[in-house]
Visitor: 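Please read through the structure below; I'll follow up with questions.
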Amino acid sequence: MSRFMDARLAALEPYVPGEQPRDRAFIKLNTNENPYPPSPEVLRAIDEAAVRDLRLYSDPTALELRKAIAERYGLRLDQVAVSNGSDEILAFAFQAFNGEKGVAFPKVSYGFYPVFANLFGLKARAVPLKDDFTIDVEAFLEPGENVVIANPNAPTGLALPLCDIERMLAAHPDDVVLVDEAYVDFGAESAVGLIDRYENLLVVQTFSKSRSLAGGRIGFALGSAAVINDLETVRNSFNPYNLGRLPILAGAAAMRDEAYFRACCDRIAATRDRTAAALKVLGCAVTDSRANFLFVNVPDLPGERVYARLREKGILVRWFDADTIRDWLRISVGTDEDMAALVKAVKEIIEEGMGA
């Protein structure tokens with residue numbers, strides 16, 4: 001780093017994304033992308049005229065996209081904010097609501113939560129998971145701090161029922177409870193229906209997973225008008241043109257194609273469940289994931305070794321060098337052909353281990 005770097009920022013440990021190979025030699029199951037293309041409506045929305053209009057600034061209110069989201073979730077326009085990926089809206093929320101109060105989140109969860117807390121100099125409390133990898137709800141019921149929960153959680157894929165989310169909301173009447181629902185569309189319960197009952201609820205979602213637009217970088221937040229206005233204040237103090245013209249068009253088209261969205265989610269969930277069953281037959285431990293990935297332990301083999309052998313076999317998965325989950329792998333759900341190749345490779349690795 002240079003001698004000009006702020007000393008406080010010099011100690012940051014940035015978030016490390018999953019590997020993005022520059023060739024097609026790998027079956028890519030490491031970054032929770034959707035294996036299927038976006039809705040055909042997206043291709044129709046981005047036409048020659050839309051490309052010509054790139055000479056113009058985008059709509060700073062992203063009105064067309066926000067209208068599509070509001071209609072889909074039965075909310076008012078002033079209850080919707082959009083962002084350049086859900087990471088950006090998370091960053092806005094960490095800036096807007098924590099301050100001296102501080103924030104609590106699970107110790108094993110999305111890796112950006114502690115990064116944002118450190119980046120903004122926030123007081124943070126990382127709460128260990130229970131032995132079965134579930135979130136310890138009781139540990140989040142003490143008021144006086146904001147709460148951030150991924151539901152389903154990453155990388156475990158485990159989901160809390162709405163009654164537990166509601167317990168947190170009721171316990172924190174003067175604090176913001178942010179529910180990160182990046183993976184909710186694959187089988188968990190969304191908290192969106194609680195928004196009109198709890199002004200302290202902020203729901204964050206993304207187009208990257210269930211709507212096949214990871215490269216479009218579109219995230220959004222849903223909440224009370226006052227809380228959304230707070231996010232908009234931060235956004236407009238940072239970058240009013242945070243979404244480009246093409247993502248706005250693509251997002252609106254994808255949001256309105258409900259049939260394609262539902263078919264895609266159902267297909268991925270079915271593949272996930274079939275793959276989980278096949279891995280269990282091999283003796284693997286697999287959590288009850290409600291996301292578009294699996295959390296897997298291969299018996300009697302170190303997680304790093306399994307990760308490395310899968311990579312040698314041309315399959316990328318995610319391994320985390322962290323206490324309690326070091327021997328587990330997070331495996332994105334690909335096509336049926338991708339997952340068949342994964343199961344075959346895991347079987348071979350187990351057999352190699354037996355022969356060692």
Visitor: In chain order, what residues pass the side-chain hydrogen bond (donor to acceptor under 3.5 Å, both in side chains) check against N239, with sequence neighbours excluded?
Guide: none

Visitor: Would you say that D175 contacts K101 through its side chain, given a criterion of any heavy-atom pair below 4.5 Å between the two side chains?
Guide: yes

Visitor: Would you check if the distance from the ring center of F133 to the ring center of W328 is below 6.0 Å?
Guide: yes

Visitor: Just to verify, what does E189 make a salt bridge (Lys or Arg N to Asp or Glu O under 4.0 Å) with, not counting sequence neighbours?
Guide: none

Visitor: Distance from F186 atom CZ to D273 atom CG, nearest 0.5 Å?
Guide: 12.5 Å

Visitor: Under the side chain to side chain contact (heavy atoms under 4.5 Å, CB included) criterion, do L310 and L342 qualify, and how do the steps go?
Guide: CA-CA 8 Å; L310 284 171; L342 169 84; 4.3 Å; yes

Visitor: Can you tell me which residue pairs pass the ring-ring contact (aromatic ring centres under 6.0 Å, His included) test with a partner in residues 270-294, sequence neighbours excluded?
Guide: Y183-F293

Visitor: Any chain of hydrophobic side-chain contacts (each under 4.5 Å) joining L213 to V333?
Guide: no

Visitor: Salt bridge (Lys or Arg N to Asp or Glu O under 4.0 Å) between R167 and E138: does it pass, once the steps are laid out?
Guide: CA-CA 9 Å; R167 288 176 67 201; E138 299 296 328; 2.4 Å; yes

Visitor: Please check if the side chain of N151 supplies one atom and the backbone of L160 the other of a donor-acceptor pair under 3.5 Å.
Guide: yes

Visitor: Could you tell me whether the side chain of R318 reaches within less than 4.5 Å of the side chain of N32, counting heavy atoms only?
Guide: no

Visitor: Side chains of I325 and P155: does their closest heavy-atom pair fall under 4.5 Å?
Guide: yes

Visitor: Same cluster or not: F92 versus F105, using hydrophobic residues (I, L, V, M, F, W, Y) connected whenever any side-chain heavy atoms lie under 4.5 Å apart?
Guide: yes

Visitor: Which donor-acceptor pairs under 3.5 Å do side chains of residues 295-303 form with protein atoms, sequence neighbours excluded?
Guide:
{"residue": "N297", "atom": "ND2", "partner": "D327", "partner atom": "O", "Å": "2.8"}

Visitor: Evaluate the criterion side chain to side chain contact (heavy atoms under 4.5 Å, CB included) for residue pair N292 and N34; output intermediate values, then yes/no.
Guide: CA-CA 8 Å; N292 67 333; N34 197 310; 5.7 Å; no

Visitor: Has R211 got its NZ or CZ under 6.0 Å from the middle of the six-membered ring of F261, at an angle within 45 degrees of the ring axis?
Guide: yes

Visitor: Please tabulate, for the side chains in residues 109-122, all donor-acceptor contacts under 3.5 angstrom to protein atoms that are two or more places apart in sequence or on a different chain.
Guide:
{"residue": "S109", "atom": "OG", "partner": "N153", "partner atom": "OD1", "Å": "2.6"}
{"residue": "Y110", "atom": "OH", "partner": "D87", "partner atom": "OD1", "Å": "2.5"}
{"residue": "Y110", "atom": "OH", "partner": "D87", "partner atom": "OD2", "Å": "3.2"}
{"residue": "Y113", "atom": "OH", "partner": "D180", "partner atom": "OD2", "Å": "2.7"}
{"residue": "N118", "atom": "ND2", "partner": "P114", "partner atom": "O", "Å": "3.2"}

Visitor: Salt bridge check, E64 against R256: does any charged N sit closer than 4.0 Å to a carboxylate O?
Guide: yes

Visitor: How far apart are the closest heavy atoms of L65 and G251, and which atoms are they?
Guide: CD1-C, 3.5 Å

Visitor: How long is the straight-line distance from CD of Q95 back to CG of L231, given to the nearest 0.5 Å?
Guide: 10.0 Å

Visitor: Restricting to side-chain hydrogen bond (donor to acceptor under 3.5 Å, both in side chains), what partner residues turn up for R52, sequence neighbours left out?
Guide: E48

Visitor: Are V306 and I315 joined in one hydrophobic group, where the rule is that I, L, V, M, F, W and Y side chains link up if heavy atoms are under 4.5 Å apart?
Guide: yes

Visitor: If you look only at pairs with a residue in residues 32-64, which of them pass as a ring-ring contact (aromatic ring centres under 6.0 Å, His included), with sequence neighbours excluded?
Guide: Y57-Y241

Visitor: Counting distance only, does the side-chain N/O of T271 pair as donor-acceptor with the main-chain N or O of D336 below 3.5 Å?
Guide: no

Visitor: Output yes when a side-chain donor or acceptor of H172 lies under 3.5 Å from a complementary backbone atom of F140, and no otherwise.
Guide: yes

Visitor: Do K28 and T31 come close enough that some side-chain heavy atom pair is under 4.5 Å?
Guide: yes

Visitor: Should the pair R235 and F238 be classed as cation-pi, given the thresholds of under 6.0 Å to the six-membered ring centre and 45° from the axis?
Guide: no

Visitor: In terms of side-chain geometry, is the basic nitrogen of R309 or E352 positioned less than 4.0 Å from the acidic oxygen of its partner?
Guide: yes

Visitor: Check the hydrophobic clustering (I, L, V, M, F, W, Y; side-chain heavy atoms under 4.5 Å; chains of links allowed) and say if L162 and V147 are grouped together.
Guide: yes

Visitor: Are T206 and I218 side-chain neighbours, meaning at least one heavy-atom pair lies under 4.5 Å?
Guide: no

Visitor: Should side-chain heavy atoms under 4.5 Å link Ile, Leu, Val, Met, Phe, Trp and Tyr, which residues sit in the same cluster as F4?
Guide: none

Visitor: Within the distance-only criterion (no hydrogens, no angle test), does the side chain of T287 pair as donor or acceptor with the backbone N or O of T156 below 3.5 angstrom?
Guide: yes

Visitor: Test your reading of the model: is there a side-chain donor-acceptor pair from R217 to the backbone of N84, 3.5 Å cut-off?
Guide: no

Visitor: Just to verify, what does K347 make a side-chain hydrogen bond (donor to acceptor under 3.5 Å, both in side chains) with, not counting sequence neighbours?
Guide: E351

Visitor: Answer whether the closest heavy-atom distance between the side chains of E312 and Y307 falls below 4.5 Å.
Guide: no

Visitor: Please answer whether the main-chain N or O of R76 pairs with a side-chain N or O of Q79 as donor and acceptor at a distance below 3.5 Å.
Guide: yes

Visitor: Sequence neighbours left out, what passes side-chain hydrogen bond (donor to acceptor under 3.5 Å, both in side chains) with E348? Give chain and number order.
Guide: K313, K344

Visitor: Using the salt bridge (Lys or Arg N to Asp or Glu O under 4.0 Å) criterion, which residues pair with D136? Sequence neighbours excluded.
Guide: none

Visitor: Output the rest of the hydrophobic cluster of V281: all Ile, Leu, Val, Met, Phe, Trp and Tyr residues reachable through side-chain heavy-atom contacts under 4.5 Å, sorted by chain and number.
Guide: none

Visitor: Is E166 salt-bridged to R197, going by a charged N under 4.0 Å from an acidic O?
Guide: yes

Visitor: Examine distances only and state if a side-chain atom of D53 and a backbone atom of A50 form a donor-acceptor pair shorter than 3.5 Å.
Guide: no

Visitor: Near D47 CG, under 6.0 Å, is it more than 12 heavy atoms from other residues, nucleotides or ligands?
Guide: yes

Visitor: Look only at the side chain of R272 and the backbone of A291, and say whether a donor-acceptor pair between them is shorter than 3.5 Å.
Guide: yes

Visitor: Any chance you could measure M168, atom CE, to L201, atom CG, to the nearest 0.5 Å?
Guide: 11.5 Å

Visitor: Can you tell me how far CG of D164 sits from OG1 of T134, rounded to the nearest 0.5 angstrom?
Guide: 9.5 Å

Visitor: Working to the nearest 0.5 angstrom, can you tell me the gap between L329 CG and L279 CG?
Guide: 10.0 Å

Visitor: With a 4.5 Å cut-off on side-chain heavy-atom distances among I, L, V, M, F, W and Y, is there a chain of contacts connecting V192 to V227?
Guide: no

Visitor: State, to 0.1 Å, how close L77 and K67 come at their nearest heavy-atom pair, and which atoms those are.
Guide: CD2-N, 3.6 Å

Visitor: Are the side chains of R326 and E304 in contact, using a 4.5 Å heavy-atom criterion?
Guide: no

Visitor: Output yes when a side-chain donor or acceptor of E181 lies under 3.5 Å from a complementary backbone atom of A191, and no otherwise.
Guide: yes

Visitor: Would you give the length of the straight line joining atom CD of Q20 to atom CG of L316, rounded to the nearest 0.5 angstrom?
Guide: 9.5 Å

Visitor: Report yes or no: do D338 and T335 form a side-chain donor-acceptor pair below 3.5 Å?
Guide: yes

Visitor: How about L178 and I149: do any of their side-chain heavy atoms sit closer than 4.5 Å?
Guide: no

Visitor: Identify whether the distance between the nearest side-chain nitrogen and carboxylate oxygen of E19 and R311 falls below 4.0 Å.
Guide: yes

Visitor: Give a yes or no answer on whether the side chain of S332 reaches the backbone of L29 with a donor-acceptor pair at less than 3.5 Å.
Guide: yes

Visitor: Between I89, V148, V234, which is the residue that forms a side-chain contact (heavy atoms from CB on, under 4.5 Å) with F94?
Guide: V148

